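Read through the structure below, which is laid out as structure tokens, and then see the notes.
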Amino acid sequence: VTSLVLLTGAAGQLGTALRRTAPAGTIVVPTDRATLDLTDERAVHALIAVTRPTIIINTAAYTAVDRAEAEPELAQAINVAAASILAREAARIGARMIQLSTDYVFGPSNGVPRLPADATMPLSVYGRTKRDGEDAVLRTLGDSALIMRTAWLYSSHSPNFVTGMLRQIREREVLRVVCDQIGTPTWARGLADVIWRATAAWSAQRIVHWTDAGVASWYDFAVAIQEEGLQRGLLDRAAVITPIHASDYPTAARRPHYSVLDTSNAVAAFGLAPAHWRTNLRSALDEVPHA
Ligand SMILES: NC(=O)c1ccc[n+]([C@@H]2O[C@H](COP(=O)([O-])OP(=O)(O)OC[C@H]3O[C@@H](n4cnc5c(N)ncnc54)[C@H](OP(=O)(O)O)[C@@H]3O)[C@@H](O)[C@H]2O)c1
């Protein structure tokens, strides 16, 4: 065995992808809410004392971006306090920790992809708590911490934009989708590959960015999901997809209009180039069971 990994959020999108792709020589101890409540400090301490992982991969998070505006304490408890507890436990036993984070730590941009060292300016409770979680993990663990920021994550199984779009296209004649927020759809499986690479080749960088390649609006992404879904027989008819502006679809949380991460430091550190988002969308849809 080369590494013993404590994986949090094992039932989530990324956690599931990580469980399915663990490399040979790696033992994964998966935890989800049912087996370990991460806000329970004593339970976390006890599990880590017994398992003594060499690496903690913390994918668990409060990820409901709009709901977080109404539940800031809950978001804080998971995204900041639980991340801090894990970092302290990692420091106590000399383990490394990979902390997942988000493009939403950044605020309004001038249309240039974000570098890891760019100043953060979260626009939402979710973004602020994820940023504070990053800070806590870095402060506690220094070179034993790796912050991996990603964006617009989806997988073939969980509730997410892709599975939600397929369902809505089946149920409705007309869909309105935001066309003036730009980002990069990212397949959880591709991110999982990079995370496993990062556990094997510890990066000299403390913060890295990883998304698929390319950019899209939510509208472009929806149109691609429909086209690829029709081709695969996951859909038997098309809906009319209409572009709307974010201002026509008010949400509780503010989101940046242009939210693209520059992944070049991760590409250099890990020697892996991201696939274009549409290529990965095809791979993900190949896994979706027919309704
Ligand atoms: N999804 C995105 O678009 C996106 C974008 C950028 C960054 N990220 C980051 O990437 C990481 C992985 O995201 P994801 O999409 O895989 O998230 P996800 O599917 O929502 O999974 C997160 C998991 O954390 C668990 N969890 C929450 N609170 C917990 C607690 N107190 N104790 C134990 N488990 C708890 C959740 O369990 P329950 O389901 O029971 O709550 C869920 O299974 C997160 O750090 C997220 O912030 C995500």
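In listed order, ligands and their atoms are each counted from 1. Computed from a prediction, not measured in an experiment: that's the story for all the values here.
By the side-chain contact (heavy atoms from CB on, under 4.5 Å) test, P243 pairs with C179, Y219, sequence neighbours left out.
Backbone and side-chain nitrogen or oxygen atoms of D103 are examined, and none is located within less than 3.5 angstrom of a nitrogen or oxygen of ligand 1. At under 3.5 Å, not a single nitrogen or oxygen of T39, backbone or side chain, sits near a nitrogen or oxygen of ligand 1. Taking any N or O of T63, backbone or side chain, at least one lies under 3.5 Å from an N or O belonging to ligand 1. For ligand 1, one of its N or O atoms has an N or O atom of Q13 under 3.5 Å away. Any N or O atom pair closer than 3.5 Å counts here, and A60 shares no such pair with ligand 1. By the 3.5 Å distance cut-off applied to N or O atoms, T102 is not counted among the residues near ligand 1. Polar contact with ligand 1: present for L38 (N/O pair, distance under 3.5 Å). An N or O contact shorter than 3.5 Å is missing between A11 and ligand 1 by distance.
Each of the atoms 5 (C), 6 (C) of ligand 1 lies under 4.0 Å from some heavy atom of A151. Within ligand 1, counting atoms from 1 as listed, the ones closer than 4.0 Å to a heavy atom of W152 are 3 (O), 5 (C). Ligand 1 places these atoms under 4.0 Å from at least one heavy atom of L36: 32 (N), 33 (C). Close approach to D37 involves these atoms of ligand 1, each under 4.0 Å from a residue heavy atom: 30 (C), 31 (N), 32 (N). Near L153, with a cut-off below 4.0 Å to any heavy atom, the atoms of ligand 1 are 1 (N), 2 (C), 3 (O), 4 (C), 13 (O), 15 (O).
A donor-acceptor contact shorter than 3.5 Å links the side chain of Y154 to the backbone of L281. Remark: side-chain polar atoms of T150 are not paired, donor with acceptor, to backbone N or O of M148 under 3.5 angstrom.
Counting heavy atoms closer than 4.0 Å to ligand 1, residue Y154 contributes nothing at all. Proximity of S158 to ligand 1, defined as any heavy-atom pair under 4.0 Å, is not found for any part of the residue. Contacts between Y126 and ligand 1 below 4.0 angstrom, taking non-hydrogen atoms only, involve the side chain exclusively. Within the 4.0 Å heavy-atom criterion, neither part of T186 lies near ligand 1. With a heavy-atom cut-off of 4.0 Å, I78 touches ligand 1 through its side chain alone. Here R149 has no heavy atoms under 4.0 Å from ligand 1, in either its backbone or its side chain.
With rounding to the nearest 0.5 Å, the separation of CD in Q168 from OG1 in T163 is 10.0 Å. Here T8 contributes atom OG1 and L18 contributes atom CG; the two are 9.5 Å apart, rounded to the nearest 0.5 Å. Note: D212 CG to T186 OG1 = 4.5 Å, rounded to the nearest 0.5 Å.
Checked by atom type, the side-chain pair S158/N160 shows no donor-acceptor distance below 3.5 Å. If you check the side chains of S283 and N280, you find no donor sitting under 3.5 Å from an acceptor. Side-chain N/O atoms of D132 and T129 include no donor and acceptor closer than 3.5 Å.
Ion pairing between a basic and an acidic side chain is recognised when a charged N comes within 4.0 Å of a carboxylate O; K130 and D103 show no such pairing.
Residue contacts with ligand 1: A82 is excluded, as none of its non-hydrogen atoms falls under 4.0 Å. Contact annotation: S101 has at least one heavy atom less than 4.0 Å from an atom of ligand 1.
The residue from T8, D32, T59 that puts a heavy atom closest to atom 12 (C) of ligand 1 is T59. For the residues G12, A61, A34, A10, the heavy atom positioned nearest atom 36 (C) of ligand 1 is part of A61.
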- Query: Under the side chain to side chain donor-acceptor pair (under 3.5 Å) criterion, do D32 and T35 qualify, and how do the steps go?
  - Reply: CA-CA 5 Å; D32 57 20; T35 54; 3.2 Å; yes
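Protein heavy atoms come within 4.0 Å of atom 41 (O) of ligand 1.
Aromatic ring centres of F161 and W152 lie farther apart than the 6.0 Å criterion allows.
Cluster annotation: I78 is not connected to Y126 through the hydrophobic network of ILVMFWY side chains, with a link wherever side-chain heavy atoms come within less than 4.5 Å.
For the salt bridge (charged side-chain N to carboxylate O under 4.0 Å, His left out) condition, the pairs that include at least one residue of residues 142-164, sequence neighbours left out, are E134-R149, D143-R206.
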